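Predicted model only: the values in this text are computed from it and were never measured. Computed from heavy atoms alone, side chains included, the values below leave out hydrogens, waters and symmetry copies.
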Amino acid sequence: MKLPARVFFTLGSRLPCGLAPRRGAFSRLDPTGTFEKEMIGRIPCGRLGTVEELANLAAFLCSDYASWINGAVIKFDGGEEVLISGEFNDLRKVTKEQWDTIEELIRKTKGS
């Protein structure tokens, strides 16, 4: 995307792009829904993005408010990349009771 963005920018245009799942395409690629369920399980917000959310992002990127943005990679994944790229991924497995214990221990420490 950076090369096309640079080329289009010299012509006075910015280049936003993206994709969102569509029911027709998804149902043909994943007729059982298994892949979609696994994918949603990896997304911290627990759902796929909507066409409307992508449209809102595209409208912003095409507006004068985003005139300084060009050739940028904007993560539009519900937090999935952040989740899979950190060393704290296993914290998702901590139960509420364990979090409560951790919080209690932290609050007992000096300066908390």
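Put simply, Leu105 and Val94 are part of two different groups of oily side chains (I, L, V, M, F, W, Y) that touch within less than 4.5 Å, one to the next.
A pairwise comparison of heavy atoms in Gly78 and Pro44 identifies O-CD, 3.3 Å as the closest pair. Looking at every heavy atom in both residues, Gly46 comes nearest to Ile40 through O-CG2, 3.3 Å.
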Self-check item: Trace of the salt bridge (Lys or Arg N to Asp or Glu O under 4.0 Å) decision for Glu103 with Arg107
Solution: CA-CA 6 Å; Glu103 181 182 9; Arg107 292 190 183 278; 2.9 Å; yes

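Using a distance-only test at 3.5 Å, with no hydrogens or angles considered, no donor-acceptor pair links the side chain of Thr34 to the main chain of Asp30.
With sequence neighbours left out, the side-chain contact (heavy atoms from CB on, under 4.5 Å) criterion links Asn56 to no other residue. A search for side chain to side chain donor-acceptor pair (under 3.5 Å) contacts involving Glu81 returns Lys75, not counting sequence neighbours. Every residue was checked against the side chain to side chain donor-acceptor pair (under 3.5 Å) condition with Lys37, not counting sequence neighbours, and none meets it. With sequence neighbours excluded, the residues forming a side-chain contact (heavy atoms from CB on, under 4.5 Å) with Ile43 are Met39, Cys45, Leu48, Glu80, listed by chain and number. Residues satisfying the side chain to side chain donor-acceptor pair (under 3.5 Å) criterion with Glu104, sequence neighbours excluded, are Lys108.
Remark: the Thr95 side chain and the Gln98 side chain contain an N/O donor-acceptor pair separated by less than 3.5 Å.
Here the straight-line distance linking atom CG of Leu61 with atom OG of Ser67 works out to 11.5 Å at 0.5 Å rounding. Rounding to the nearest 0.5 angstrom, the gap separating the CZ atom in Phe76 from the CG atom in Leu54 is 5.0 Å.
Within the structure, the salt bridge (Lys or Arg N to Asp or Glu O under 4.0 Å) test picks out the following pairs touching residues 48-58 (sequence neighbours left out): Arg47-Glu53.
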